[in-house]
Amino acid sequence: MDLCQEGDSTLKERLEIFFERKEIVQKQMNELNKVMETINHKIWYYETAIEAGTEAIHKQNKEQK
């Protein structure tokens, strides 16, 4: 807010603050996307195991490859 009150002379400085914040948020989003991929994989893993009635289904798939 202080920069806003100082007027137009701080426009570039205020813009830089948003670029810096954008970079931080992008990194956080990337980290959260990785977490979401792991969660989705685990959901698939357990749904598949429940459908097959056993976790062994996943071991069998690895052995067949």
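Position 1 is the first residue of the sequence; numbering continues from there.
- Smallest separation of non-hydrogen atoms from Cys4 and Thr10: N-OG1, 4.5 Å.
- Counting heavy-atom neighbours within 6.0 Å of Glu23 CD, excluding the residue itself, gives a total of 12 or less.
- If you check the side chains of Asn30 and Gln26, you find a donor sitting under 3.5 Å from an acceptor.
- Residues Ile17 and Leu3 have side chains in contact (heavy-atom distance under 4.5 Å, counting atoms from C-beta outward).
- Rounding to the nearest 0.5 Å places CZ of Arg14 at 13.5 Å from CD of Glu16.
- Contact of the Leu11 side chain with the Asp8 side chain is registered, since non-hydrogen atoms from C-beta on lie closer than 4.5 Å.
- Note: Phe19 CZ to Lys12 NZ = 12.0 Å, rounded to the nearest 0.5 Å.
- Side chain of Thr48 to backbone of Trp44: a donor-acceptor contact under 3.5 angstrom is found.
- Within the model, atoms NZ of Lys27 and NZ of Lys22 stand 13.5 Å from one another, a figure rounded to the nearest 0.5 Å.
- Scanning all heavy atoms of the two residues, the minimum distance from Ile57 to Ala52 falls at CB-CB, 3.8 Å.
- To the nearest 0.5 Å, atoms OG1 (Thr38) and CG (Asn33) are separated by 11.0 Å.
- Tyr45 and Glu55 form a side-chain donor-acceptor contact under 3.5 Å, judged by distance and modelled atom types alone.
- In this structure, Glu20 places its CD atom where more than 12 heavy-atom neighbours from other residues, nucleotides or ligands lie under 6.0 Å away.
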